[in-house]
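The block underneath contains the structure these notes are about, expressed in structure tokens.
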Protein chains: 2
Amino acid sequence: MNTENAAKNQFLQCWGEMGSSWGINKTMAQIHALLMVSDQPLSTDDVMSELQISRGNANMNLRSLVDWGLVRRSHQKGDRKEYFQSEKGVWKMFCAIARERKRREIEPVIAGLEECLQLAGRDKGSENFRKQITELLEFSKTIDFLMGQVARQEENKILPILVRMLGGKKSTKSKGTS
Amino acid sequence: MNTENAAKNQFLQCWGEMGSSWGINKTMAQIHALLMVSDQPLSTDDVMSELQISRGNANMNLRSLVDWGLVRRSHQKGDRKEYFQSEKGVWKMFCAIARERKRREIEPVIAGLEECLQLAGRDKGSENFRKQITELLEFSKTIDFLMGQVARQEENKILPILVRMLGGKKSTKSKGTS
DNA sequence: TCGTATTTTCAGAAAATATTGAAAGTTATG
DNA sequence: CATAACTTTCAATATTTTCTGAAAATACGA
């Protein structure tokens, strides 16, 4: 990691940690952070030298980021190398993550819980079990639905509304927060 | 893992996987699953034998579950052993998780991003950097606020409202979605 | 207080995950 | 189509995380 900029290093560190704690490969999160604050698209070699990681590692995690829809491949004219550019809009990023986590983590849970109900049968002894699984399943389906809908919003209209609904700070000034 | 019940095993498996993919120790998630579908509180030994894990492992993860507010310690009269009982309400569980993840994972990110801004200074060269970090920071603060507010709702009123707002299925009955 | 039942801790072992780097594969260009 | 530039793969290795089990600590009842 270059020493160039302490703030940038702090950011790479911070973002990597956060990724880790949400079950995302730390290097993947760091590359994402690097690209997010990079003014130009970066090549695999740029990423390797900035983060001091191997080609294989850089390649694999860049591909993952592309798969997640957080990063685009790009090309510079007169250059054979591939460059990578991050989506910078926070809401767009949020949508991409919501979409992928729905697909990778919520949908499989729904399928798993449905299989539980299948296996549980209808006998008296499994009543409580079925009730609990059914409640989890319905909740999961609601979350699944909401993540899907949120992920397709072009603009972040929903969070400000929620903030108001859940008691956002009252405006003390005469004009609204508009 | 006892062979007693295929549905239960499926559930333990499924819940463990889900935990893993969200950065939660798989065993912790499995113990949680086990307690969720257990009619009586279970002792450490019960958990050990159901999941075939060591005392140390069981103890550590039970403590974590208690720390997360997902499991309560309980006692049976005339028995010196400690027993554990899961919160079963899905909404209550959701709130506990939201509360803890806010505290453990969102708040540190906010602090980290604020430190980035400190370190970045005010010079022209860091303009884009500051803009990006600032946007991430504001988004994080919004999420932080929302998780805090959601976590304190006794009842799940908010999700049904959201479902309606984001295009919940239209009523097929004669009256409109009013 | 003592002895016993129970819980907690923690160093070492095992398992899971992430990383490396070199070879194989691919693609663009003369 | 040969070559050089670049990308991808993957077996070996390193690192991190999780788990074990026995020892230490604690709580309880007589």
Side-chain angles (χ1 to χ4, degrees), chain A residues 1 12-13 15-35 40-68 71-85 104-105, chain B residues 1 12-13 15-35 40-68 71-85 104-105:
Chain A
M1 218 168 285
L12 300 186
Q13 188 57 35
W15 209 247
E17 290 288 310
M18 189 200 54
S20 262
S21 71
W22 289 87
I24 298 297
N25 179 305
K26 180 182 200 147
T27 300
M28 173 173 154
Q30 286 181 331
I31 295 176
H32 182 218
L34 178 62
L35 291 172
Q40 303 84 31
L42 299 184
S43 67
T44 300
D45 293 86
D46 295 333
V47 170
M48 286 166 64
S49 77
E50 285 264 14
L51 296 174
Q52 302 280 60
I53 60 176
S54 71
R55 185 172 302 283
N57 195 7
N59 184 273
M60 172 177 54
N61 284 296
L62 281 164
R63 173 148 33 80
S64 295
L65 284 163
V66 171
D67 291 345
W68 275 73
V71 163
R72 289 181 298 280
R73 293 175 198 269
S74 81
H75 294 274
Q76 317 236 316
K77 71 169 178 180
D79 190 339
R80 218 148 127 178
K81 272 215 277 284
E82 219 165 12
Y83 286 77
F84 298 89
Q85 186 165 28
R104 299 170 189 234
E105 283 129 27
Chain B
M1 219 169 285
L12 300 187
Q13 188 58 35
W15 210 246
E17 290 288 310
M18 188 201 54
S20 261
S21 71
W22 289 87
I24 297 297
N25 179 304
K26 179 179 200 151
T27 300
M28 173 172 155
Q30 287 182 330
I31 296 175
H32 182 218
L34 178 62
L35 291 172
Q40 305 83 32
L42 300 183
S43 67
T44 301
D45 292 86
D46 295 333
V47 170
M48 286 165 64
S49 76
E50 286 263 13
L51 297 175
Q52 302 280 60
I53 60 177
S54 71
R55 185 171 302 284
N57 197 7
N59 183 272
M60 173 177 53
N61 284 296
L62 281 164
R63 173 150 32 80
S64 295
L65 285 163
V66 171
D67 290 346
W68 276 71
V71 162
R72 288 182 298 281
R73 293 173 197 270
S74 83
H75 294 273
Q76 318 236 315
K77 71 169 178 180
D79 189 341
R80 219 149 125 177
K81 273 214 276 285
E82 216 165 15
Y83 287 78
F84 297 89
Q85 186 165 27
R104 298 170 189 233
E105 284 129 27

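The sequence lines fix the lettering, A, B, ..., with proteins before strands; numbering per chain opens at 1.
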What is the distance from atom CD1 of B/I24 to atom CG of B/L65, rounded to the nearest 0.5 Å?
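The CG atom of B/L65 is 9.0 Å from CD1 of B/I24, to the nearest 0.5 Å.
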
Round to the nearest Å and state the distance from B/D45 atom CG to C/dT6 atom C1'.
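Spelled out: CG on B/D45 to C1' on C/dT6 is 9 Å.
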
Rounding to an integer number of Å, can you tell me how far B/M48 CE sits from C/dT7 P?
10 Å

Between the protein and nucleotides 14-19 of chain C, list every N/O to N/O distance that falls short of 3.5 Å.
| unit_1 | atom_1 | unit_2 | atom_2 | d |
| --- | --- | --- | --- | --- |
| C/dT19 | OP1 | A/T27 | OG1 | 2.6 |
| C/dT19 | OP2 | A/N25 | OD1 | 3.4 |
| C/dT19 | OP2 | A/N25 | ND2 | 3.2 |
| C/dT19 | OP2 | A/T27 | OG1 | 3.3 |
| C/dT19 | OP2 | A/N57 | OD1 | 3.3 |
| C/dT19 | O5' | A/N57 | ND2 | 3.4 |

Heavy-atom side-chain proximity of B/W68 to B/M28 below 4.5 angstrom
yes

Check side-chain contact (heavy atoms from CB on, under 4.5 Å) between B/S43 and all other residues, then give those that pass, not counting sequence neighbours.
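Testing B/S43 for side-chain contact (heavy atoms from CB on, under 4.5 Å), a comparison that skips the adjacent residues, returns B/D45, B/D46, B/K81, B/Y83.
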
To the nearest 10 degrees, how far apart in direction are the end axes of the helix from C/dT1-D/dA30 to C/dG30-D/dC1, each fit to five base pairs?
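One end axis against the other gives 20°.
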
Got a sec, which residues hit side-chain hydrogen bond (donor to acceptor under 3.5 Å, both in side chains) with [X], two or more places apart in sequence or on another chain?
X: A/N57; value: A/N61
X: A/T44; value: none
X: B/E82; value: B/R73
X: A/D67; value: none

Identify the pairs formed between an N or O of the protein and an N or O of nucleotides 26-30 of chain C at a distance under 3.5 Å, and give each distance.
| unit_1 | atom_1 | unit_2 | atom_2 | d |
| --- | --- | --- | --- | --- |
| C/dT27 | O2 | A/R80 | NH2 | 3.3 |
| C/dA28 | N3 | A/R80 | NH2 | 3.4 |

Pairs meeting criterion salt bridge (Lys or Arg N to Asp or Glu O under 4.0 Å) with involvement of residues 16-28 of chain A, two or more places apart
A/E17-A/K26

Residues forming a salt bridge (Lys or Arg N to Asp or Glu O under 4.0 Å) with B/R80, sequence neighbours excluded:
none

Those residues that, when tested against A/R63, pass salt bridge (Lys or Arg N to Asp or Glu O under 4.0 Å) (two or more places apart)
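Not a single residue meets the salt bridge (Lys or Arg N to Asp or Glu O under 4.0 Å) criterion with A/R63.
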
Of A/G56 and A/K81, the one whose closest nucleotide on DNA chain D sits nearer the 5' end is A/K81

Reckon B/R55 touches a base, only the sugar-phosphate, or nothing at all at heavy-atom distances under 4.0 Å?
base

